[in-house]
Amino acid sequence: MTSTSTQQTMKNWHLKSTEEEGFHKVVDPGREDCSAVHIFRLNLSAGNSYMINSLDLEMNGVLLKGTANIKSECIDQKMSVYDSFYIPGNSSVNVTAIEDTIFYIGGALCEGHGKEFYRAYNKDLPLGEIHQIHGAGSGQREVHFTLNPEVPASKLICGLTWGGDGTWTSWPPHQHENDLEEVYCYFDMDEPKFGLHISYLKTQETDNLVAHHVTSGDMVLVPRGYHPTVASPGTRNTYFWVLAAFSHSSRRYDLAVFDPTFEDM
């Protein structure tokens, strides 16, 4: 593959989700350059409702704007911003918007693992399995798992990341292309705030990278290669990330391979 065609392939990993009312499929394996990860966006005006049916997928959804009531076989909750839910395959959850709402929802093929649950966001949660600090210095970021690997599920691991003002996330650069696909779904970065999501395929090939300009609503596929991000001054890169394993056995959070060029930086 030529340098030009490689760059075009990576440019196609950048998608813009719609703000139109309703339930929208943003990332669809086969249509996009991926095979395991699905991404949906649900936009509801205050007072409107939508029934999410998971069919053959497991789903992990997070509320990023407004408040809503959700109800399923095992869940009956009022959701606030950053609260999340998980449903396995052949399940449904009814969402009723109290205020105008935005949900990002990750999905992957369900293989019979996992049970419904609801998780309320708690910014003061002690560090542990759910709330973590990753990286150091200009690469430090805060992570809240919405679906951590210790919780039973088929293929998904998901969470929220907040970078620092004008700093890097996912640094040192890493890849997990043999085991998992990923999508970064950006939010709370309304213009003029912006970040750069960087894609490159091989170590020492940063001269062939693609820098995706990202703001709220942008989503960037990571089917392979390295994917650090950096924020403009005055901006924190904030995103819902969705990892989808190629098999249940590779549903792990310790499979990242760092770019050796930058691992010790």
Side-chain angles (χ1 to χ4, degrees), residues 17 23 26 39-44 46 49-50 52 54 58-72 74-88 91 93-108 114-135 140-153 156-165 167 169-170 182-190 193 195 214-219 229 231 235-244 253:
S17 62
F23 185 73
V26 184
I39 300 293
F40 305 88
R41 174 170 170 164
L42 175 62
N43 306 314
L44 288 178
S49 297
Y50 187 85
I52 300 172
S54 64
E58 60 177 350
M59 291 181 166
N60 184 217
V62 59
L63 178 61
L64 297 173
K65 176 185 176 182
T67 56
N69 290 321
I70 64 165
K71 190 168 185 179
S72 69
C74 302
I75 302 170
D76 188 356
Q77 295 283 344
K78 178 181 178 181
M79 294 187 73
S80 298
V81 169
Y82 308 144
D83 292 352
S84 59
F85 66 86
Y86 170 85
I87 55 174
S91 302
V93 59
N94 188 70
V95 180
T96 300
I98 301 170
E99 305 169 307
D100 293 352
T101 59
I102 297 173
F103 285 85
Y104 287 173
I105 302 163
K115 296 180 180 180
E116 291 185 18
F117 73 86
Y118 169 83
R119 178 169 291 172
Y121 170 75
N122 178 4
K123 67 180 180 62
D124 298 317
L125 190 71
L127 297 180
E129 291 182 355
I130 296 173
H131 182 200
Q132 299 180 3
I133 302 296
H134 293 181
Q140 183 171 295
R141 61 272 191 193
E142 183 177 11
V143 174
H144 276 263
F145 284 87
T146 56
L147 178 58
N148 48 305
E150 293 82 9
V151 174
L156 287 177
I157 303 173
C158 308
L160 300 166
T161 291
W162 291 266
D165 183 343
T167 64
T169 70
S170 294
E182 191 170 19
V183 182
Y184 282 31
C185 309
Y186 291 87
F187 65 92
D188 286 355
M189 294 172 60
D190 294 347
K193 295 181 179 180
V214 291
T215 61
S216 295
D218 285 307
M219 301 185 178
T229 85
T235 302
R236 300 178 69 193
N237 273 3
T238 54
Y239 48 88
F240 175 54
W241 49 267
V242 178
L243 282 164
Y253 198 64

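Nothing fancy with the numbering, it's 1 onward along the sequence.
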| Given Lys115 and Cys74, is the side-chain contact (heavy atoms from CB on, under 4.5 Å) satisfied, shown in steps? | CA-CA 9 Å; Lys115 296 180 180 180; Cys74 302; over 6 Å; no
Provide the closest heavy-atom pair for [X] versus [Y] in the form atom of the first, atom of the second, distance.
X	Y	value
Ala244	Ala108	CB-CB, 4.1 Å
Gly217	Ser17	O-OG, 2.7 Å
His134	Gln132	NE2-OE1, 2.7 Å
Leu63	Thr67	CD2-CA, 4.0 Å
Cys158	Val242	SG-CG1, 3.9 Å
Ser54	Ile87	CB-CD1, 3.9 Å

Under 3.5 Å, is there a donor-acceptor pair between the side chain of [X] and the main chain of [Y]?
X	Y	answer
Arg236	Asp165	no
Ser216	Asp188	yes
Thr215	Asp190	no
Glu58	Leu156	yes

Quick check for you: to the nearest 0.5 Å, what is the distance between [X] atom [atom1] and [Y] atom [atom2]?
X	Y	atom1	atom2	value
Lys78	Ile70	NZ	CD1	13.0 Å
Tyr86	Glu116	OH	CD	9.5 Å
Tyr50	Leu44	OH	CG	9.5 Å
Glu150	Ile157	CD	CD1	8.5 Å

| query | Are His144 and Tyr82 near enough that their ring centres are under 6.0 Å apart? | reply |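 Ring centroids of His144 and Tyr82 are no less than 6.0 Å from each other.
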| query | Between Trp241 and Tyr104, does the ring centre distance come in under 6.0 Å? | reply |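 Not under 6.0 Å, so no.
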Are [X] and [Y] packed together at the side-chain level, in the sense that at least one heavy-atom pair is separated by less than 4.5 angstrom?
X	Y	result
Thr235	Met189	yes
Glu142	His131	yes
Val93	Met59	no
Arg119	Val151	yes
Ser84	Tyr121	no

| Derivation of the ring pair (Phe, Tyr, Trp, His ring centres under 6.0 Å) call for Phe23 and Phe40 | CA-CA 7 Å; Phe23 185 73; Phe40 305 88; 5.1 Å; yes
Quick one about [Y] and [X] (side-chain donor to acceptor, distance below 3.5 Å, no hydrogens or angles considered), yes or no?
X	Y	answer
Tyr118	Asp83	yes
Thr96	Asn69	no
Thr229	Thr169	yes

| field | Tyr253 and Phe145 aromatic ring geometry - parallel, tilted or perpendicular at 30°/60° bounds | value |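 Perpendicular, since the angle between the ring planes exceeds 60°.
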| request: Kindly write out the residues that satisfy ring pair (Phe, Tyr, Trp, His ring centres under 6.0 Å) with Tyr184, not counting sequence neighbours, or none if the list is empty. | output: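 With sequence neighbours excluded, Tyr184 shows a ring pair (Phe, Tyr, Trp, His ring centres under 6.0 Å) to His197, His227, Tyr239, given in chain and number order.
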| Derivation and outcome, side-chain contact (heavy atoms from CB on, under 4.5 Å), residues Phe240 and Thr146 | CA-CA 9 Å; Phe240 175 54; Thr146 56; 3.5 Å; yes
| Evaluation steps, side-chain contact (heavy atoms from CB on, under 4.5 Å), between Ile102 and Asn43 | CA-CA 5 Å; Ile102 297 173; Asn43 306 314; 3.8 Å; yes
| message | Checking side-chain contact (heavy atoms from CB on, under 4.5 Å) between Phe85 and each of Val62, Leu147, Ile52, which is the one that passes? | response |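 Only one option passes, and that is Ile52.
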